[in-house]
2 protein chains.
Amino acid sequence: MSIKIIIADDHQIVRQGLRTLLEKEPDLEVVAEAEDGRKTVSLVEEMHPQVVIMDVNMPELNGIEATRQILTRHPGVKVIALSMHTDRRFVLNMMRAGASGYLLKDCAFEELSQAIRLVLANKTYLSPGVAEIIIQDYVRGIPQQASSAFSVLTRREREVLQLMAEGKSTSQIAEAIHVSVKTVETHRQQIMNKLGIRSIAELTKYAIREGLTSLEI
Amino acid sequence: MSIKIIIADDHQIVRQGLRTLLEKEPDLEVVAEAEDGRKTVSLVEEMHPQVVIMDVNMPELNGIEATRQILTRHPGVKVIALSMHTDRRFVLNMMRAGASGYLLKDCAFEELSQAIRLVLANKTYLSPGVAEIIIQDYVRGIPQQASSAFSVLTRREREVLQLMAEGKSTSQIAEAIHVSVKTVETHRQQIMNKLGIRSIAELTKYAIREGLTSLEI
DNA sequence: ATAAAAATCAGGCTTCTCCTGGTTGTCTCC
DNA sequence: GGAGACAACCAGGAGAAGCCTGATTTTTAT
């Protein structure tokens with residue numbers, strides 16, 4: 001039986017390219033594609049893949065949060081992060097979220113293929129550049145508790161923060177996560193209280209620094 | 001004879017994916033790949049392709065500058081921009097540099113394939129989202145010159161934008177620059193209209209990119 | 001089992017936003 | 001030197017969004 005894979009990336013042409021590459025390997029099967037984190041989570045529920053290739057930066061729900069949610073419910077699924085950045089924050093948070101591998105988009109396809117085999121054998125695969133970062137941090141004795149959004153804010157709060165930082169209005173957020181406007185308002189207040197921030201502009205900057213959103217509009 | 005294509009993108013796996021997709025079409029041939037703008041320019045000299053698929057954001061020499069250089073020497077080459085962003089500045093500058101098409105990475109491969117045929121017939125292809133932007137700017141009468149904050153916005157507007165991006169409320173801004181709240185509101189609307197932006201979060205990101213504010217809170 | 005934390009929502013008041021409109025001063029261009 | 005364009009300023013008013021308080025249910029942790 002072939003290995004079932006879901007591809008999550010916000011760019012369709014990248015997904016198509018990856019799919020074509022993956023399907024050249026006879027034992028790999030791409031069973032679904034997702035363009036954002038939320039979609040990825042629900043597709044995992046539905047399709048039960050063994051592996052998820054996950055872009056780190058996605059709209060709606062980022063790859064880190066999506067990974068966390070997927071692994072809470074399906075601890076057996078192997079998530080391989082595929083990212084443009086070697087930003088230590090992304091790497092750290094992604095691995096904390098339970099990813100089995102972290103590859104840079106600037107890698108050869110052969111590396112991805114190899115990574116899939118490795119994670120299925122319960123090993124961890126890191127791109128060379130990424131491994132370096134982790135080792136550097138380790139030898140430098142950098143305190144491994146980035147006391148950030150990921151420790152202060154709850155899951156839901158991070159979700160709401162991301163959507164806010166993407167420019168969504170309260171009602172749009174309410175619609176996106178299927179709760180009432182009032183709930184979103186409460187979350188926002190809670191976030192602002194916890195962070196001691198009082199404006200959307202500063203929240204946005206915070207979210208950018210924490211990697212919850214990017215500078216792109 | 002097949003159509004000779006060069007792929008320029010700084011991520012190897014994206015290049016490989018594109019190549020695989022393109023080579024499924026019997027009349028297309030990828031003769032080279034480049035990981036930055038400088039390499040792309042020299043590869044065009046060497047390989048004489050008909051088409052260059054060009055990522056906009058690349059290290060060393062960005063896609064815009066590379067396009068300009070290629071077309072100065074080889075006006076017949078068709079450059080198709082492939083970008084993650086719908087940022088109007090990129091679109092505008094890329095088209096000014098002489099690109100024959102502008103596609104979003106979030107497009108289907110079929111779109112790229114179609115775009116290649118079109119540009120070879122001396123037509124221009126724009127992704128729907130991109131075309132919208134240009135039309136929006138046009139109907140709004142936005143001055144069609146490199147729309148950076150320093151040419152589009154007035155001095156007062158930049159001032160207000162900066163204060164907004166620093167987290168100030170409308171009334172705080174009014175107080176700071178000694179005008180009425182109503183005036184600040186008008187400025188804000190004017191800014192949003194000019195930039196085609198509809199939320200404080202996105203305004204903040206814009207201001208950061210333009211250097212009007214920093215990421216620090 | 002029990003307490004704490006997270007997630008959900010509502011009422012009612014305040015504030016902000018959005019749209020349309022207007023005035024004044026300055027500049028350029030012919 | 002007058003017309004037109006633009007910048008900077010301001011207002012009214014409807015509707016949307018925000019803020020504060022308080023409350024219930026679900027989940028998690030001990």
Side-chain angles (χ1 to χ4, degrees), chain A residues 38 41 61 65 68-75 97-98 147-204, chain B residues 136-137 139-145 147-204 206:
Chain A
R38 207 174 304 289
V41 174
L61 188 71
E65 204 54 50
R68 210 187 306 275
Q69 294 189 15
I70 288 168
L71 293 178
T72 306
R73 302 221 200 163
H74 307 276
S147 84
S148 64
F150 296 93
S151 54
V152 187
L153 302 181
T154 68
R155 196 165 56 78
R156 205 52 152 174
E157 286 162 357
R158 287 193 299 272
E159 239 181 294
V160 171
L161 174 54
Q162 181 183 349
L163 292 164
M164 278 196 284
E166 284 172 2
K168 302 267 197 305
S169 73
T170 306
S171 63
Q172 285 175 318
I173 295 170
E175 205 174 333
I177 64 175
H178 304 110
V179 297
S180 89
V181 169
K182 286 296 183 180
T183 304
V184 176
E185 285 181 3
T186 308
H187 284 313
R188 193 200 30 242
Q189 282 172 231
Q190 195 61 20
I191 293 166
M192 288 183 162
N193 283 340
K194 282 184 177 177
L195 302 180
I197 287 178
R198 234 158 317 285
S199 67
I200 302 288
E202 290 172 314
L203 274 185
T204 305
Chain B
Q136 269 181 24
D137 278 8
V139 299
R140 282 192 188 136
I142 289 176
Q144 260 77 47
Q145 354 140 354
S147 70
S148 129
F150 294 92
S151 55
V152 189
L153 302 182
T154 67
R155 205 155 44 81
R156 203 53 151 175
E157 285 162 357
R158 286 197 299 272
E159 226 178 310
V160 171
L161 173 54
Q162 182 179 345
L163 292 165
M164 280 195 283
E166 283 170 2
K168 304 271 196 305
S169 72
T170 306
S171 62
Q172 284 175 319
I173 295 171
E175 204 174 334
I177 63 175
H178 306 107
V179 296
S180 90
V181 169
K182 284 297 184 181
T183 304
V184 177
E185 284 181 6
T186 308
H187 284 313
R188 179 168 29 77
Q189 279 172 233
Q190 196 60 19
I191 293 165
M192 288 183 161
N193 282 341
K194 283 184 176 178
L195 302 180
I197 286 177
R198 223 128 293 285
S199 69
I200 302 289
E202 289 173 315
L203 272 185
T204 305
Y206 179 88

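Below, chain A is the first sequence line, B the second, and so on; all start at residue 1. It should be emphasised that the depicted structure is a prediction, and the values quoted were computed from it without experimental measurement.
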Checklist entry - With a 4.5 Å limit on heavy-atom distance, are the side chains of B/Ile173 and B/Arg188 in contact? => result no
Next on the checklist: Can you measure A/Ile191 atom CD1 to D/dC20 atom P for me and round it to whole angstrom units?
Outcome noted: 15 Å
Next on the checklist: For a quick test of reading the model: is some side-chain N or O of B/Arg155 closer than 4.0 Å to OP1 or OP2 of D/dA7?
Outcome noted: no
Next on the checklist: Just the rounded figure in Å: distance from C1' of C/dA5 to CG of A/Leu153.
Outcome noted: 14 Å
Checklist entry - side chain to side chain contact (heavy atoms under 4.5 Å, CB included) with A/Val160: which of A/His187, A/Lys168, A/Arg155? => result A/His187
Checklist entry - What is the nucleic acid contact for B/Thr183, judged by heavy atoms within less than 4.0 Å: base, sugar-phosphate only, or nothing? => result base
Checklist entry - Among C/dA6, D/dC10, D/dA8, which is the nearest nucleotide to the side chain of B/Val179? => result D/dC10
Item to check | Whole angstrom value for the distance that separates C1' of D/dC20 from CZ of A/Arg188 | outcome: 12 Å
Checklist entry - End-to-end bend of the helix from C/dA1-D/dT30 to C/dC30-D/dG1 (five-pair axes, 10° rounding)? => result 60°
Distances under 3.5 Å between nitrogen or oxygen atoms of protein and nucleotides 21-26 of chain D:
none

Checklist entry - In whole angstroms, how far is the C1' atom of C/dA6 from the CD atom of A/Glu159? => result 13 Å
Checklist outcome for this item: Whole-Å distance, A/Gln172 CD to C/dT17 C1', equals 15 Å
Checklist entry - Choosing from D/dA7, C/dA6, D/dA17, which nucleotide comes nearest the side chain of B/Lys194? => result D/dA7
Checklist entry - Can you find a heavy atom in the side chain of B/Leu203 that is under 4.5 Å from one in the side chain of B/Leu195? => result yes
Next on the checklist: With a cut-off of less than 4.0 Å, is there a side-chain N or O of B/Ser180 near OP1 or OP2 of D/dC10?
Outcome noted: yes
Checklist entry - Any side-chain heavy-atom pair from A/Arg68 and A/Leu61 closer than 4.5 angstrom? => result no
Next on the checklist: Is there a side-chain contact between B/Thr170 and the phosphate of C/dT17, meaning an N or O under 4.0 Å from OP1 or OP2?
Outcome noted: yes
Checklist entry - Regarding B/Glu166 and B/Gln162, is there a side-chain donor-to-acceptor distance under 3.5 Å anywhere? => result yes
Checklist entry - Taking atom P of C/dA7 as reference, at what distance in whole Å does atom CG of A/Leu161 sit? => result 14 Å
Show the distances under 3.5 angstrom between N or O atoms of the protein and N or O atoms of nucleotides 12-14 of chain C.
{"unit_1": "C/dG12", "atom_1": "O6", "unit_2": "A/Lys182", "atom_2": "NZ", "d": "2.6"}

Next on the checklist: Both A/Ile177 and B/Val181 contact DNA chain C. Taking the nearest nucleotide for each, which residue is further toward the 5' end?
Outcome noted: A/Ile177
Checklist entry - From C/dA7, D/dA8, D/dA17, pick the nucleotide closest to the side chain of A/Ser171? => result D/dA17
Checklist entry - Is there a side-chain contact between B/Thr154 and B/Gln190 (heavy atoms, below 4.5 Å)? => result no
Checklist entry - Are any non-hydrogen side-chain atoms of A/Ile177 and A/Arg156 less than 4.5 angstrom apart? => result yes
Next on the checklist: Without decimals, in angstroms, what is the distance between A/Asn193 CG and C/dA5 C1'?
Outcome noted: 15 Å
Next on the checklist: At less than 4.0 Å, is any side-chain N or O atom of A/His187 found next to OP1 or OP2 of C/dA7? Yes or no.
Outcome noted: no
Item to check | Interatomic distance where CD1 belongs to A/Ile200 and C1' belongs to C/dT17 [whole Å] | outcome: 13 Å
Item to check | Under-4.0 Å salt bridge between A/Glu159 and A/Arg38 | outcome: yes
